[in-house]
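Some notes on the structure that comes next.
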Amino acid sequence: MSTRDPADDGFPTLRLVAPDGAPVGETDVGLSEDDLRELLRLMTLARRLDRECMALQRQGELTVYPPFEGQEAAQIGSAYALEPGDMAFPSFRELAAAIARGVDAVEYLQYHRGTWHGGPYDPAASGFAPICVPVATQIPHAVGWALGAKLDGSGACALVYFGDGSASEGDFHEGANLAAVLGVPMVLLCQNNGWAISIPAEEQYVAPIAARAAGYGFPGVRVDGNDVLAVYRATKEALDRARRGEGPTLIEAMTYRIGPHTTADDATKYRGAEEVERWRALDPIERYRRYLLRNGVADDAFVRACEDEAETWVGGVRAELTALGAPPGSEVFEHVFAEPPATLARQRREALDDA
Ligand SMILES: Cc1ncc(C[n+]2csc(CCOP(=O)(O)OP(=O)(O)O)c2C)c(N)n1
Ligand SMILES: [Mg+2]
């Protein structure tokens, strides 16, 4: 069983808002009241869409789906700190971050519907790279992109998302070391949700993930990943640092996935209900809503308006997504070879002529 708690191992954890919504010290992160409300709006939209995606998969409208419920603050707090010209590199659970970046939800979800390979959104236009399923491979991609930004002198930064399990891959170590050596403008954001499918954190590593950064030669900070303001502040500081030319930062956001690993997983086989309930009590949206209400930044009407908007928006996403036709069969043979080898050309003829 996972017993991971940010307080367990003594590594300092940045927290600005307590689970009951009370401020912990100075909570001014430099955002306007409109921005503070926008964070709640985005988290509300994201959660509603996540739940709809679970339903869509159960109804046979999506092939497989990795839910992120519980990780809204970690994703939206970090993505919201990015500038338009920056590039986020997701793994496969970052739909909430995609929404915060303005990626079209229907285009993104075409990946999970199987109607397009990586989702047809334009990564350059949205500053959001394609979904990346081979775990941790997006980390070296982000280093390369950040090196390009450095050489161009563009002032843009890369933010790469990965999980606790991904931090055990060689690609993490190679990427982190190369990022340090090259001094690239990059933030490595680990969403530590306590599990890599059915493997709990305590069976994956011994020292805190954030502590590894010292070994590469850059700062490592840990935040309460269910505290959207703490995640925003840590990411903003890391991005500012990167833009000053001071190189990468590793952020470990302690969070939890409330749902299964994917719709193909039964999490009840390896974790108990009491663990899930413990984390539900630390819910990022509930916490932030309480914080905004007690500070008078939002009122009940605003909260309801966000929920109503989410309902209408998700209905539209569902309608558009389920109306999509199958892609032409010829696409299986496209986008890899400029000049297909003879064997592939023959298969293409056989498949399409018979169709
Ligand atoms: C290279 C590679 N090995 C194995 C897998 C199968 N796999 C998919 S997700 C996952 C665990 C990822 O855990 P973590 O990085 O903590 O992310 P989380 O799923 O918790 O968000 C594994 C092993 C994969 N996709 N890619
Ligand atoms: Mg994980």
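None of these values were measured; they are calculated from a predicted model. Remember, it's 1-based here, ligands and their atoms both numbered in the order they're listed.
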Distance under 4.0 Å to a non-hydrogen atom of [X]: what atoms of ligand 1 satisfy this?
X      : answer
Asn193 : 18 (P), 20 (O), 21 (O)
Pro134 : 26 (N)
Phe92  : 9 (S), 19 (O)

Plane angle bin for [Y] and [X] - parallel if under 30°, tilted between 30 and 60°, otherwise perpendicular:
X      : Y      : value
Phe162 : Phe172 : tilted
His112 : Tyr108 : tilted
Tyr256 : Trp279 : parallel

Among all protein non-hydrogen atoms, which one is nearest to [atom], and what is the separation to 0.1 Å?
atom                    : answer
atom 15 (O) of ligand 1 : Ser166 OG, 2.5 Å
atom 7 (N) of ligand 1  : Ile197 CD1, 3.9 Å
atom 17 (O) of ligand 1 : Gly163 CA, 3.8 Å

Under 4.5 Å between side-chain heavy atoms, counting indirect links through other Ile/Leu/Val/Met/Phe/Trp/Tyr residues: same cluster for Val133 and Leu62 or not? yes

Can you find an N/O atom of [X] closer than 3.5 Å to an N/O atom of ligand 1?
X      : result
Glu169 : no
Trp195 : yes
Gly165 : yes
Val133 : yes
Arg93  : yes
Ala196 : no

Backbone of [Y] reached by a side-chain donor or acceptor of [X] within 3.5 Å:
X      : Y      : value
Glu26  : Asp28  : yes
Tyr288 : Leu36  : yes
Arg241 : Pro248 : yes
Asp227 : Leu16  : yes
Arg222 : Thr13  : no
Gln75  : Ala96  : yes

Just going by heavy-atom distances, which of Asp171, Val135, Asn192, Thr137 is nearest to atom 5 (C) of ligand 1? Val135

Heavy-atom pairs closer than 4.0 Å: do any link ligand 1 to the side chain of Asp164, the backbone, both, or neither? both

Residue part near ligand 1, for His261, under 4.0 Å between non-hydrogen atoms: side chain

Check Arg289 with Glu307, please: is the shortest side-chain N to carboxylate O separation under 4.0 Å? yes

Can you confirm whether something in the protein, heavy atoms only, sits under 4.0 Å from atom 22 (C) of ligand 1? yes

For the residue pair Val29 and Leu229, what are the closest heavy atoms and their distance? CG1-O, 3.8 Å

Between Tyr205 and Glu252 the two heavy atoms that sit nearest each other are OH-OE2, 4.2 Å

Ring-face cation contact, Tyr121 with Arg101, 6.0 Å cut, 45° max: no

What protein atoms of element N, O or S are positioned under 2.8 Å from the Mg ion (ligand 2)? Asp164 OD1, Asn193 OD1, Trp195 O

